Number of protein chains: 2
Amino acid sequence: MRKSLTDRIEEYIKVLINRSDQQQIEIQRAELAETFSCVPSQVTYVLATRFTVKHGYITESKRGGKGFVRITRVTPHAGSDSRLKADIQELVAHLKEDRHIGESEARLIRQLLITLFTELSPEQRQLVLSRLVKDIGLYVGWQTD
Amino acid sequence: MRKSLTDRIEEYIKVLINRSDQQQIEIQRAELAETFSCVPSQVTYVLATRFTVKHGYITESKRGGKGFVRITRVTPHAGSDSRLKADIQELVAHLKEDRHIGESEARLIRQLLITLFTELSPEQRQLVLSRLVKDIGLYVGWQTD
DNA sequence: TATAGATAAAGGTCAATGATAGTCAAAGGA
DNA sequence: TCCTTTGACTATCATTGACCTTTATCTATA
């Protein structure tokens with residue numbers, strides 16, 4: 001996919017948040033716009049379309065001297081983990097039935113999926129997924145680059 | 001039979017998908033139309049008549065600047081597999097909601113899980129799983145021997 | 001010294017424009 | 001008749017810039 005300016009700014013912000021501890025960064029709107037050689041309102045647009053609560057982010061700001069834009073990634077709320085775990089239980093149960101997978105492999109799969117999706121950070125997860133692409137690709141002939 | 005424009009565009013798209021690594025391509029509607037010297041809506045027509053879910057394809061698109069049309073071939077599978085796929089769809093949908101995973105990562109995860117559980121042989125699957133144990137173990141400190 | 005008003009330094013809003021893709025109905029052709 | 005082809009019109013997403021609002025700081029004056 002050809003990346004738009006909006007896409008690139010979005011990525012950039014996410015990298016900054018990933019690097020931060022506290023899942024939070026503060027930027028100067030004008031400065032970020034300068035970095036990407038665009039108008040400041042472009043940044044506002046990116047925030048409005050890619051960093052909403054629905055996307056899992058909260059943005060706050062202050063105008064005037066010493067102003068800033070603060071972007072915080074909110075961690076998924078507690079109850080959600082149990083739903084994912086239930087999904088995984090279900091998936092593995094069906095795997096056992098349909099694909100004749102034994103209990104020990106089933107246990108392993110359960111553990112792997114739970115760890116992958118509920119314990120790893122987004123960055124770690126992406127690293128693991130990209131290696132998984134390579135590994136699986138070996139068998140199904142995907143071209144990885 | 002004399003090939004219609006629609007036939008030729010269909011063929012062309014299928015060649016592109018065959019060459020692609022992940023059974024998926026992204027095109028610019030206008031550009032493809034240009035290639036075949038026809039109106040853009042002709043491309044829409046081809047997609048609507050030859051690349052439906054029934055034919056084994058999923059199409060997605062985005063309008064506006066840097067827009068695209070994405071065409072994915074989904075491999076058809078026997079009865080019980082559809083239950084696993086439904087499980088995977090559900091799991092990924094919940095992941096998107098709860099863990100704020102974007103569409104592109106979601107697609108990757110779906111593809112990986114489907115391949116891992118419905119396309120690989122038991123032996124291949126076990127090899128991949130053992131690699132996965134190692135990879136994830138790196139991050140969570142599992143002792144692998 | 002206290003403070004009101006001026007000025008500077010942020011960020012916000014919104015409408016216009018550009019860049020894509022989608023819809024639909026009419027016309028064409030085998 | 002049924003499928004294909006075309007094009008005018010529509011919908012959506014991205015980008016820009018003029019104008020607005022808020023906050024901090026400076027300055028003149030009682």
Side-chain angles (χ1 to χ4, degrees), chain A residues 1-14 16-17 24-73, chain B residues 1-14 16-17 20 24-55 57-73 96 100 102-107:
Chain A
M1 176 180 63
R2 270 149 66 188
K3 291 209 173 80
S4 67
L5 177 55
T6 296
D7 293 331
R8 289 185 289 116
I9 296 175
E10 175 189 7
E11 256 181 30
Y12 182 78
I13 292 174
K14 286 183 174 171
L16 292 185
I17 295 178
Q24 177 175 103
I25 59 167
E26 278 182 14
I27 57 171
Q28 306 287 128
R29 189 182 73 148
E31 192 180 289
L32 182 54
E34 181 64 29
T35 300
F36 285 90
S37 306
C38 65
V39 294
S41 57
Q42 179 74 34
V43 174
T44 305
Y45 176 75
V46 174
L47 297 178
T49 57
R50 310 290 168 87
F51 291 89
T52 67
V53 170
K54 231 185 142 177
H55 291 106
Y57 296 85
I58 291 170
T59 64
E60 306 157 275
S61 65
K62 198 178 72 163
R63 305 185 187 190
K66 304 289 198 311
F68 61 84
V69 174
R70 175 158 54 223
I71 308 162
T72 309
R73 181 160 54 206
Chain B
M1 175 191 62
R2 173 144 191 88
K3 290 213 177 75
S4 70
L5 178 54
T6 296
D7 292 333
R8 287 187 291 118
I9 295 176
E10 176 189 6
E11 252 180 36
Y12 182 77
I13 291 174
K14 287 182 175 171
L16 292 185
I17 295 178
S20 75
Q24 175 175 107
I25 60 166
E26 281 181 9
I27 58 171
Q28 308 283 134
R29 189 182 74 149
E31 194 179 286
L32 183 55
E34 181 64 28
T35 301
F36 285 90
S37 306
C38 65
V39 294
S41 56
Q42 178 74 33
V43 175
T44 305
Y45 176 75
V46 175
L47 297 178
T49 57
R50 311 290 169 87
F51 292 89
T52 66
V53 170
K54 243 187 141 170
H55 290 105
Y57 295 86
I58 291 169
T59 65
E60 306 159 274
S61 66
K62 196 176 73 163
R63 305 185 188 190
K66 304 291 195 298
F68 59 82
V69 174
R70 178 186 299 133
I71 308 162
T72 308
R73 179 160 55 207
K96 280 183 71 174
H100 311 302
E103 179 51 36
S104 65
E105 192 183 349
R107 252 185 292 116

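Just the heavy atoms: all of them, side chains too, but no hydrogens, waters or symmetry mates, feed the values below. Here is the naming used below: chain letters follow the sequence lines, and residue numbers restart at 1 for every chain. Model, not experiment: these values are computed from the prediction.
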Base-contact (B) and sugar-phosphate-only (S) positions in nucleotides 25-30 of chain C, heavy-atom cut-off under 4.0 Å, - elsewhere: ------
Rounded distance (Å) that lies between atom P of D/dC13 and atom CD1 of A/I9: 18 Å
Enclosure of B/E60 CD (heavy-atom neighbours >12, cutoff 6.0 Å): yes
Backbone of A/A48 reached by a side-chain donor or acceptor of A/T52 within 3.5 Å: no
Side-chain donor or acceptor of B/E26 paired with backbone N/O of A/M1 under 3.5 Å: yes
Side chain to side chain contact (heavy atoms under 4.5 Å, CB included) partners for B/Y57, two or more places apart: B/K14, B/I17, B/F51, B/H55, B/I71, B/R73
Protein-nucleotide distance (A/E10, atom CD; D/dA14, atom P), rounded to Å: 9 Å
Protein-nucleotide distance (A/R29, atom CZ; D/dT16, atom C1'), rounded to Å: 12 Å
Listed nucleotide nearest any side-chain atom of A/T6, set D/dT15, D/dT4, C/dG11: D/dT15
Sugar-phosphate, base or nothing in reach of B/F68, heavy atoms under 4.0 Å: sugar-phosphate
Heavy-atom check, side chain of B/Q42 versus side chain of B/F36, under 4.5 Å: no
Gap between atoms CD and C1', on A/E26 and C/dA10 respectively (whole Å): 14 Å
Sole candidate of A/D7, A/L32, A/V46 that passes side-chain contact (heavy atoms from CB on, under 4.5 Å) when paired with A/Y12: A/L32
A/R2 CZ - C/dT20 C1' separation (whole Å): 10 Å
Whole-Å gap separating C1' (D/dT4) and CG (B/L47): 15 Å
Shortest side-chain distance from A/K62, nucleotide among D/dC3, D/dT23, D/dT6: D/dT23
Test item: B/S37 side-chain N/O and B/A33 main-chain N/O as donor-acceptor pair under 3.5 Å: no
Any side-chain heavy-atom pair of A/K62 and A/R70 under 4.5 Å: no
Below 4.0 Å: OP1/OP2 of C/dG22 and any side-chain N or O of B/S61: yes
Phosphate-side-chain proximity, B/Y45 and D/dT4, N/O vs OP1/OP2 below 4.0 Å: yes
Base D/dG17 to side chain A/S41, donor-acceptor N/O within 3.5 Å cut-off: yes
Position toward the 5' end of DNA chain D (nearest nucleotide), A/Q42 or B/T49: B/T49
Expected output: side-chain B/T49 to main-chain B/Y45 donor-acceptor under 3.5 Å: yes
Criterion side-chain contact (heavy atoms from CB on, under 4.5 Å) on A/I13 and A/L47, from CA distance to verdict: CA-CA 10 Å; A/I13 292 174; A/L47 297 178; 4.2 Å; yes
Nucleotides 3-9 of chain C: protein proximity per nucleotide (B base, S sugar-phosphate only, - neither; heavy atom, under 4.0 Å): ------B
Sugar-phosphate, base or nothing in reach of A/R50, heavy atoms under 4.0 Å: sugar-phosphate
Integer-rounded Å distance: C/dT20 P and B/L32 CG: 15 Å
Atom-to-atom span, CD of B/E31 to C1' of C/dA19 - whole angstrom: 14 Å
OP1 or OP2 of C/dG11 under 4.0 Å from side-chain N/O of A/Q28: yes
